[in-house]
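To keep things clear, I will list the structure first and then write my remarks on it.
Below, chains carry the letters A, B, ... as their sequence lines are ordered, and counting in each starts from 1.
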Protein chains: 4
Amino acid sequence: MLINLDFESQEPIYQQLIEQIIEGIARKDLLPGEGLPSVRSLASDIGINLHTVNKAYQQLKHEGFILIHRQKGVVVNPDGVPKADVTYMTQLEKKLKPLIAESVCREVDEESFMKLCNDIYKSYRGG
Amino acid sequence: MLINLDFESQEPIYQQLIEQIIEGIARKDLLPGEGLPSVRSLASDIGINLHTVNKAYQQLKHEGFILIHRQKGVVVNPDGVPKADVTYMTQLEKKLKPLIAESVCREVDEESFMKLCNDIYKSYRGG
Amino acid sequence: MLINLDFESQEPIYQQLIEQIIEGIARKDLLPGEGLPSVRSLASDIGINLHTVNKAYQQLKHEGFILIHRQKGVVVNPDGVPKADVTYMTQLEKKLKPLIAESVCREVDEESFMKLCNDIYKSYRGG
Amino acid sequence: MLINLDFESQEPIYQQLIEQIIEGIARKDLLPGEGLPSVRSLASDIGINLHTVNKAYQQLKHEGFILIHRQKGVVVNPDGVPKADVTYMTQLEKKLKPLIAESVCREVDEESFMKLCNDIYKSYRGG
DNA sequence: GTGGTCTAGACCACG
DNA sequence: GTGGTCTAGACCACG
């Protein structure tokens with residue numbers, strides 16, 4: 001599992017870390033029940049502070065992506081990630097809206113937009 | 001043009017303001033050449049800081065959505081918003097990726113995702 | 001609003017802080033919409049680290065007790081605390097169970113237990 | 001006697017173990033004088049560390065729930081658990097307070113709270 | 001060894 | 001000034 005962080009980015013490191021791990025799960029690089037490195041080892045591997053890793057892990061745990069098991073350590077949720085509910089869909093819509101609004105302004109037609117989404121979806125299937 | 005801000009959101013107010021204005025343009029509530037309120041009046045209307053409005057306007061100007069004339073005041077770019085280029089598409093992909101990754105994890109299938117995007121696109125056409 | 005912390009206690013400081021604030025709300029010392037001190041000022045008042053206060057605030061925010069408003073700062077949720085739902089009641093039962101089990105073992109009869117609860121309830125009404 | 005542990009819980013395993021055994025005594029699944037498995041066998045039965053079981057047993061012994069004989073092994077206190085004293089009642093009140101405070105905030109009225117307690121009490125009588 | 005908690009201190013974005 | 005983020009470092013409970 002490769003973690004790719006951009007230290008120049010505006011986006012907080014812990015947030016990038018969250019996204020990288022979610023992408024790993026989407027890509028099936030990380031399977032349900034699979035172990036993740038400990039806070040400390042991941043922090044030292046990436047060269048960041050353990051609190052930063054911890055913050056990412058806590059949020060991932062809270063959203064049901066991972067579990068912190070007293071014996072097995074940090075693992076991808078063996079029962080799988082909680083499925084999308086109305087709350088998630090609403091929140092997703094809220095995040096998509098400004099992306100689509102700007103695309104409309106910039107004359108990205110719906111077809112091109114869909115094509116882009118389709119490509120990304122494909123990257124998580126065939127990879 | 002109605003501005004809708006959430007002061008409890010994590011998202012900075014100036015960012016929300018930018019998005020609201022872009023949505024206004026996408027929805028054709030704001031047409032090319034149309035005037036926008038001055039920094040001062042918008043700030044007092046919404047009850048936010050001058051700096052916040054200014055920051056939003058500066059960024060919108062920088063991205064070609066609006067022009068700021070010393071005399072004519074603030075207007076939606078009469079030549080229209082600059083069309084999407086490779087840079088924009090790359091950046092768009094970067095923003096869509098984590099949304100789609102999480103959706104994949106949560107078993108939102110591609111069809112549902114596309115349906116959601118289509119609904120949003122429609123809201124900028126018919127609306 | 002008086003904050004009462006026991007630095008010798010096993011219970012984490014941030015947890016004690018959470019409880020003190022919830023008790024303040026229950027006692028109506030803190031009313032909906034009322035402002036709370038900033039992270040920094042509360043930390044320096046109590047003589048603890050600002051991260052510790054922040055952790056308490058974040059959790060209180062997450063559970064709907066307080067809001068972090070970009071203009072008003074930290075305030076008690078003006079809409080009131082979210083009412084108990086099934087999840088809360090289940091969790092409450094889980095916490096009460098061991099207390100009652102030990103009380104049963106120690107021959108605290110139900111009447112005495114209820115009396116104690118009643119006294120505590122009263123302390124949040126009349127004060 | 002069934003031991004029910006949650007390895008994903010925040011609550012330490014030894015603490016959960018303590019509570020499970022106290023509940024067993026409250027439920028009269030475990031009677032005064034009755035034997036408990038040895039540290040070693042319980043640990044291997046549940047699949048946890050020796051130290052964890054030992055820590056739980058030591059604390060139960062310290063609080064008078066069990067006796068640890070070198071030869072007879074571990075038994076539920078034949079003289080019964082020490083009755084509640086002022087210290088216990090004070091400590092009980094301290095633990096109940098935050099539960100009731102949060103319940104008050106969430107509009108769990110006293111009647112519902114009492115009903116819940118009554119149900120739990122009943123589960124230790126009839127069960 | 002591992003996560004949880006806490007401190008001290010720093011920088012930054014926001015308003 | 002305020003919250004958010006990040007670091008470095010420390011101690012402790014847990015298993």
Side-chain angles (χ1 to χ4, degrees), chain A residues 5 7 9-17 35-44 46-59 61 66-74, chain B residues 5 7-17 43 46-56 59, chain C residues 5 7 9-17 35-44 46-59 61 66-74, chain D residues 5 7-17 43 46-56 59:
Chain A
L5 301 178
F7 293 95
S9 167
Q10 298 264 49
E11 198 179 17
I13 296 177
Y14 80 92
Q15 187 63 43
Q16 294 183 45
L17 192 52
L36 263 64
S38 79
V39 169
R40 275 176 172 70
S41 74
L42 185 53
S44 90
I46 316 186
I48 60 178
N49 193 280
L50 95 188
H51 289 114
T52 307
V53 176
N54 194 245
K55 185 161 184 175
Y57 274 10
Q58 287 303 325
Q59 191 161 326
K61 171 179 139 192
I66 64 174
L67 298 179
I68 297 176
H69 191 106
R70 286 194 176 270
Q71 295 183 319
K72 298 179 210 155
V74 183
Chain B
L5 301 178
F7 292 96
E8 291 151 26
S9 165
Q10 300 259 59
E11 198 178 18
I13 295 175
Y14 84 93
Q15 189 63 44
Q16 294 182 46
L17 191 51
I46 324 186
I48 61 178
N49 198 297
L50 281 180
H51 297 102
T52 309
V53 177
N54 195 51
K55 183 158 186 177
Q59 189 162 327
Chain C
L5 299 180
F7 293 94
S9 167
Q10 299 264 49
E11 198 178 18
I13 296 176
Y14 81 92
Q15 187 64 43
Q16 294 183 46
L17 191 53
L36 262 65
S38 78
V39 169
R40 274 176 171 73
S41 75
L42 185 53
S44 90
I46 317 184
I48 60 178
N49 192 281
L50 95 187
H51 289 115
T52 308
V53 176
N54 194 245
K55 184 161 186 175
Y57 274 9
Q58 287 302 326
Q59 190 161 327
K61 171 179 139 191
I66 65 175
L67 298 179
I68 298 177
H69 190 106
R70 286 194 176 267
Q71 295 183 319
K72 298 179 208 155
V74 184
Chain D
L5 302 178
F7 291 96
E8 291 152 27
S9 165
Q10 300 258 59
E11 199 178 18
I13 295 176
Y14 84 93
Q15 188 63 44
Q16 294 182 46
L17 191 51
I46 323 186
I48 60 179
N49 198 298
L50 279 180
H51 298 103
T52 310
V53 177
N54 196 51
K55 183 159 185 176
Q59 189 161 328

Please identify each residue that fulfils side-chain contact (heavy atoms from CB on, under 4.5 Å) with [X], with sequence neighbours left out.
{"X": "A/S41", "value": "A/P37, A/S38"}
{"X": "D/H51", "value": "D/N49"}
{"X": "C/K72", "value": "C/H69, C/V75"}
{"X": "C/Q58", "value": "C/N54, C/K61, C/I68"}

Problem - Spacing of CD belonging to B/E8 relative to CD belonging to C/Q71, to within rounding of 0.5 Å - result: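 Output value for this atom pair is 10.5 Å.
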Exercise for the section: Just jot down the side chain to side chain donor-acceptor pair (under 3.5 Å) partners of B/Q59, sequence neighbours excluded, or say none. Expected result: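 Side chain to side chain donor-acceptor pair (under 3.5 Å) list for B/Q59, sorted by chain: B/E63.
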Practice task
Do nucleotides 5-15 of chain E as a string where each nucleotide becomes B, S or -: B if the base has a protein heavy atom under 4.0 Å, S if just the sugar-phosphate does, - if no protein is that close.
Solution key: BBBBB-B--SS
Practice task
To the nearest Å, give me how far apart CD (C/Q59) and C1' (E/dG4) are.
Solution key: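 Taking CD of C/Q59 and C1' of E/dG4, I get 13 Å after rounding.
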Problem - Separation of atom OH in A/Y57 from atom P in E/dG3, rounded to whole Å - result: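 Atom-to-atom, A/Y57 to E/dG3, this comes out as 8 Å.
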Problem - Any side-chain heavy-atom pair of C/L36 and C/L42 under 4.5 Å - result: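 Result no, sub-4.5 Å side-chain heavy-atom pair not found.
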Exercise for the section: Might you point out which heavy atoms bring C/F7 and C/I46 nearest each other, and give the distance in Å? Expected result: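 Distance-wise, the nearest heavy atoms are CZ-O, 4.3 Å.
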Practice task
Treating a pair as Watson-Crick (purine N1 to pyrimidine N3 plus N6-O4 or O6-N4) or G-U wobble (N1-O2 and O6-N3) with both distances under 3.5 Å, list the stems of 3 or more consecutive pairs that involve DNA chain E.
Solution key: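 E:1-14 with F:1-14 - these are the stems of 3 or more pairs that involve DNA chain E.
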Problem - Distance below 4.0 Å between A/S38 side-chain N/O and E/dG3 OP1 or OP2 - result: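 Yes, within the criterion.
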